[in-house]
Engineer: 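Structure provided below as structure tokens; questions to follow.
Here the structure is a predicted model, which means the values were calculated and not measured.
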Amino acid sequence: MDLHESADSLSAASLDAHRAIRSIMEEFEAVDWYQQRAEATDDVELRRVLEHNRDEEKEHASMTIEWLRRHDPALDRHLRTYLFTDAPITEVEARAEAQDADAPPATDLGIGSLRKEQEA
């Protein structure tokens, strides 16, 4: 599976995310191949077939990205920030970072109080 760590040391969730990421990479690689072949051919009918195949690969990549988004809260947050915006991407980033800076600091890290319980 082209892992950088032993599969035995990874959770099922990490392995599934890896499968999704590798699949997305493969789909976009196929998009690139079909695009190059479509652009290079002089045969109009072949170009149409290759462009159709290219766009099918984009659909597959999109479906897998959506699966990954649903399973990765950080990716979900970033996609919601950047996708379907019209402003320059770096401006979107600057606004998102400014909003994060204006947000009140988190007070609950999910670890409970670090203070000793007061005796009653």
Side-chain angles (χ1 to χ4, degrees):
M1 275 203 313
D2 196 27
L3 295 169
H4 296 284
E5 300 293 335
S6 167
D8 296 339
S9 65
L10 301 174
S11 68
S14 288
L15 291 171
D16 281 344
H18 176 75
R19 289 179 180 106
I21 291 165
R22 292 297 303 179
S23 293
I24 293 165
M25 292 167 62
E26 292 162 0
E27 297 293 353
F28 279 122
E29 184 174 42
V31 167
D32 184 39
W33 292 346
Y34 282 123
Q35 176 61 37
Q36 291 179 45
R37 293 170 184 159
E39 194 169 311
T41 187
D42 292 327
D43 186 298
V44 174
E45 187 174 2
L46 176 58
R47 179 178 297 116
R48 287 183 185 140
V49 169
L50 295 171
E51 290 170 341
H52 169 82
N53 292 350
R54 174 202 61 204
D55 293 344
E56 287 289 318
E57 302 299 337
K58 290 176 184 178
E59 178 186 22
H60 303 159
S62 297
M63 293 167 67
T64 311
I65 289 169
E66 176 58 13
W67 179 91
L68 193 57
R69 182 198 65 80
R70 292 178 184 188
H71 291 84
D72 184 331
L75 180 61
D76 176 62
R77 186 176 68 254
H78 292 305
L79 292 176
R80 289 177 188 274
T81 298
Y82 293 101
L83 291 184
F84 309 110
T85 59
D86 294 322
I89 296 167
T90 54
E91 287 180 20
V92 174
E93 178 189 34
R95 281 188 295 220
E97 288 177 352
Q99 287 175 349
D100 287 345
D102 291 340
T107 57
D108 179 10
L109 300 176
I111 58 175
S113 174
L114 298 178
R115 297 181 180 164
K116 291 184 178 182
E117 292 291 323
Q118 296 280 336
E119 291 186 27

Engineer: Salt bridge check: are R54 and E57 linked by an N-O gap of less than 4.0 Å?
Structural biologist: no

Engineer: Do T85 side-chain atoms and T81 backbone N/O form a donor-acceptor pair below 3.5 Å?
Structural biologist: no

Engineer: I'd like to know whether CG of L83 has more than 12 heavy-atom contacts from other residues, nucleotides or ligands below 6.0 angstrom.
Structural biologist: yes

Engineer: Find out if a path of hydrophobic residues (ILVMFWY) with successive side-chain heavy-atom gaps under 4.5 Å connects I24 to L79.
Structural biologist: yes

Engineer: Is any side-chain heavy atom of E51 closer than 4.5 Å to a side-chain heavy atom of Q35?
Structural biologist: no

Engineer: Is S62 reaching over with its side chain to a backbone N or O of K58, donor-acceptor style, under 3.5 angstrom?
Structural biologist: yes

Engineer: Between E91 and R95, does at least one N-O distance fall below 4.0 Å, as a salt bridge requires?
Structural biologist: no

Engineer: Counting neighbours of CZ on R48 that are heavy atoms of other residues, nucleotides or ligands and sit closer than 6.0 Å, is the number greater than 12?
Structural biologist: no

Engineer: Is any side-chain heavy atom of E93 closer than 4.5 Å to a side-chain heavy atom of Y82?
Structural biologist: yes

Engineer: Working to the nearest 0.5 Å, report the span between CG of L75 and CD of E66.
Structural biologist: 9.5 Å

Engineer: Can you tell me how far CZ of R47 sits from CD of E39, rounded to the nearest 0.5 angstrom?
Structural biologist: 8.5 Å

Engineer: Enter the distance from D72:CG to I65:CD1 here, rounded to the nearest 0.5 Å.
Structural biologist: 12.5 Å

Engineer: Between CG of D102 and CD of E97, what distance do you get to the nearest 0.5 Å?
Structural biologist: 12.0 Å

Engineer: Any side-chain heavy atom of M63 sitting closer than 4.5 Å to one from E59?
Structural biologist: yes

Engineer: Under 3.5 Å, is there a donor on one side chain and an acceptor on the other for D32 and Q36?
Structural biologist: yes

Engineer: Between R70 and D76, does at least one N-O distance fall below 4.0 Å, as a salt bridge requires?
Structural biologist: no

Engineer: What's the separation between atom OG in S23 and atom CZ in F28, rounded to the nearest 0.5 Å?
Structural biologist: 12.0 Å

Engineer: Could you give me the CA-CA distance, side-chain angles and deciding distance for L15 and L3, then say whether side-chain contact (heavy atoms from CB on, under 4.5 Å) is met?
Structural biologist: CA-CA 9 Å; L15 291 171; L3 295 169; 3.9 Å; yes

Engineer: When you look at D16 and W67, which way does the side-chain contact (heavy atoms from CB on, under 4.5 Å) test go after all the steps?
Structural biologist: CA-CA 10 Å; D16 281 344; W67 179 91; 3.8 Å; yes

Engineer: Are any of the side-chain heavy atoms of I21 and M25 separated by less than 4.5 Å?
Structural biologist: yes

Engineer: Let me confirm one number: the CG-NE2 distance from L68 to H71, rounded to the nearest 0.5 Å.
Structural biologist: 9.0 Å

Engineer: Evaluate D2 against R22 for side-chain contact (heavy atoms from CB on, under 4.5 Å), listing each step before the verdict.
Structural biologist: CA-CA 9 Å; D2 196 27; R22 292 297 303 179; 3.1 Å; yes

